[in-house]
Amino acid sequence: MAISTSAMSFGTSVSSYFCLRASSFEKSSVLCNSQNPFRFNSLFSIRKSDGSSRCSVSRKSCRVRATLLQENEEEVIVEKSFAPEIFPGNVRGGSNGEPPDDSSSNGLEKWVIKLEQSVNILLTDSVIKILDTLYHDRNYARFFVLETIARVPYFAFISVLHMYESFGWWRRADYMKVHFAESWNEMHHLLIMEELGGNAWWFDRFLAQHIAIFYYFMTVLMYALSPRMAYHFSECVESHAYETYDKFIKDQGEELKNLPAPKIAVDYYTGGDLYLFDEFQTSREPNTRRPKIDNLYDVFMNIRDDEAEHCKTMKACQTHGSLRSPHTNPCDESEDDPGCPVPQADCIGIVDCIKKSVTDTQVSKR
């Protein structure tokens with residue numbers, strides 16, 4: 001009897017310890033303090049089979065997120081992270097995705113991350129220079145091209161995720177839900193620009209559509225090689241979109257306040273079913289952002305804020321496995337449940353697989 005009591009006490013202590021560790025990690029995830037994109041799954045694999053620890057972590061996580069929302073309610077904090085003067089230190093090669101100095105593979109990992117981000121910056125700057133040259137005084141046409149391009153990555157992500165699921169490598173239902181909601185949001189941005197006349201000239205349609213085709217296949221290849229790199233590139237694109245709209249609002253805000261809002265914008269932002277509108281905003285609880293649309297100024301303010309939410313979601317995606325649909329209850333059984341028969345890959349993307357194989361070889365030689 002004494003042995004049984006001791007065993008139960010030990011089991012309870014171990015369970016409490018792991019719950020505490022998981023809760024602590026969940027909190028750091030919410031605060032976007034992701035340092036090592038390759039160690040997330042190992043922490044979250046410490047879960048009781050009956051799902052009780054998941055519920056406990058979820059409740060603690062919700063309390064942390066609720067606290068953050070109370071402190072920053074109705075505030076778009078993207079300006080603190082993605083303002084032009086801060087952009088080089090955050091999106092462009094800062095600590096984003098870099099691991100702490102706690103293993104022999106850190107040198108290689110940091111080098112890979114720096115290379116990925118350098119390529120992304122070069123590609124983004126090249127596209128920005130082209131757009132600046134062609135559309136320096138044609139705002140609505142520029143916005144039309146931007147929105148045509150901006151929704152392409154989400155199609156590409158979903159395509160690769162479907163392929164992974166078909167091959168039985170790993171399943172990410174939450175990722176597909178969120179990325180579809182993101183594409184739905186960008187599609188309505190595009191419809192707004194079309195209603196404002198941004199697609200009136202055939203050359204703008206021709207350029208946007210052909211860039212989109214090239215961008216799709218490039219993103220599919222990039223996502224297959226390194227999801228982290230693809231997400232960082234999309235973060236750079238969304239950050240540029242935020243800066244573009246923010247500058248436009250500051251330059252022409254007073255004029256926009258005297259213009260009516262397009263009908264499509266009113267329907268999208270104030271319509272009855274806003275489930276997909278909440279779905280792509282993974283840093284917020286559902287129903288916490290409900291825009292008002294009185295004029296064209298409000299429309300562009302909300303489009304800008306949407307781009308801010310896309311930036312935060314893309315930043316979170318760079319730590320693999322950290323993305324959760326705002327509507328997902330971790331206590332409910334779903335296809336993402338650990339008991340799912342679909343095996344989960346130990347490495348994500350070709351670059352990660354090669355890096356881990358090199359690291360494993362070096363460790364085995366020791």
Side-chain angles (χ1 to χ4, degrees), residues 22-23 25-34 40-41 44 47 51 54-78 81-82 150-151 153-155 157-158 161 171-189 227 231 234-235 238 242 268-292 302-338 340:
S23 174
F25 184 82
E26 183 76 9
K27 181 177 179 181
S28 65
S29 163
V30 172
L31 294 176
C32 296
N33 187 23
S34 56
F40 188 93
N41 289 336
F44 262 73
R47 288 191 268 199
R54 295 174 69 194
C55 297
S56 175
V57 171
S58 174
R59 286 192 294 268
K60 294 179 180 179
S61 172
C62 288
R63 287 199 294 270
V64 172
R65 295 178 66 182
T67 301
L68 290 176
L69 286 170
Q70 289 175 0
E71 293 176 355
N72 301 287
E73 187 174 6
E74 302 301 329
E75 176 189 2
V76 179
I77 59 173
V78 72
S81 301
F82 297 96
R151 65 188 190 135
Y154 307 118
F155 301 155
F157 298 158
I158 294 173
L161 289 169
R171 178 175 289 167
R172 290 290 180 265
D174 275 11
Y175 279 62
M176 287 193 283
K177 288 167 58 180
V178 171
H179 292 332
F180 175 77
E182 289 181 294
S183 70
W184 188 257
N185 175 259
E186 297 288 9
M187 181 193 74
H188 282 84
H189 291 179
Y231 284 132
S234 293
E235 184 188 359
E238 298 292 1
Y242 171 86
Y268 175 66
Y269 285 111
T270 63
D273 186 0
L274 294 177
Y275 179 91
L276 288 175
F277 179 73
D278 290 331
E279 181 69 18
F280 82 92
Q281 303 180 70
T282 56
S283 65
R284 292 175 174 267
E285 293 288 346
N287 304 312
T288 57
R289 181 184 168 209
R290 288 295 177 262
K292 69 178 183 70
N302 281 287
I303 292 176
R304 185 203 68 173
D305 294 350
D306 289 347
E307 305 299 353
E309 297 297 332
H310 286 299
C311 285
K312 288 184 275 188
T313 298
M314 290 297 96
K315 188 178 184 68
C317 285
Q318 292 169 53
T319 300
H320 174 70
S322 64
L323 186 68
R324 278 283 182 182
S325 162
H327 296 95
T328 294
N329 181 0
C331 296
D332 294 338
E333 290 187 358
S334 68
E335 58 266 51
D336 283 330
D337 192 85
C340 175

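Just so it is clear, the values below take in all heavy atoms, side chains as well, and ignore hydrogens, waters and symmetry mates.
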Original post:
Taking only residues two or more places apart in sequence, or in another chain, which ones meet S183 in a side-chain hydrogen bond (donor to acceptor under 3.5 Å, both in side chains)?
Top reply: none
**OP:** Can you see which heavy atom on A150 is nearest to which on E238, and at what distance?
**Re:** O-OE2, 4.1 Å
Original post:
What is the minimum heavy-atom distance between D174 and R324, and which atoms define it?
Top reply: OD2-CD, 3.3 Å
**OP:** Might you point out which heavy atoms bring E279 and S325 nearest each other, and give the distance in Å?
**Re:** OE2-OG, 2.5 Å
**OP:** Just jot down the ring pair (Phe, Tyr, Trp, His ring centres under 6.0 Å) partners of F180, sequence neighbours excluded, or say none.
**Re:** none
**OP:** Under the side-chain contact (heavy atoms from CB on, under 4.5 Å) rule, what do D305 and Q281 come out as? Steps first, then yes or no, please.
**Re:** CA-CA 10 Å; D305 294 350; Q281 303 180 70; over 6 Å; no
**OP:** Just do the side-chain contact (heavy atoms from CB on, under 4.5 Å) check on R289 and F277 with the steps written out, would you?
**Re:** CA-CA 9 Å; R289 181 184 168 209; F277 179 73; 3.6 Å; yes
Subject >> Pairwise side-chain contact, F157 with C317, heavy-atom cut-off 4.5 Å (strictly under) >> reply: no
**OP:** Give, for atom CG of N302 and atom OH of Y268, the distance between the pair rounded to the nearest 0.5 Å.
**Re:** 10.0 Å
Original post:
Which heavy atom in D306 sits nearest to a heavy atom in H189, and how many Å separate them?
Top reply: OD2-NE2, 2.8 Å
**OP:** Not counting sequence neighbours, which residues clear side-chain hydrogen bond (donor to acceptor under 3.5 Å, both in side chains) with Y231? List them please.
**Re:** H179, Y223
Original post:
Does some side-chain heavy atom of E309 sit less than 4.5 Å from a side-chain heavy atom of S283?
Top reply: yes
**OP:** Begin with the C-alpha distance, continue with both residues' side-chain angles, and end with the deciding distance and a verdict on salt bridge (Lys or Arg N to Asp or Glu O under 4.0 Å) for E307 and R304.
**Re:** CA-CA 5 Å; E307 305 299 353; R304 185 203 68 173; over 6 Å; no
**OP:** Just jot down the ring pair (Phe, Tyr, Trp, His ring centres under 6.0 Å) partners of H310, sequence neighbours excluded, or say none.
**Re:** Y154, F280
Original post:
How long is the gap from CG on L323 to OG1 on T313, to the nearest 0.5 Å?
Top reply: 7.0 Å
Subject >> Any donor-acceptor pair under 3.5 Å from Q318 side chain to M314 backbone >> reply: yes
Original post:
Minimum heavy-atom separation for N287 to D278, with atom names?
Top reply: N-OD2, 3.3 Å
**OP:** Return the minimal non-hydrogen interatomic distance between M176 and L161, and the atom names on each side.
**Re:** CG-CD1, 3.7 Å
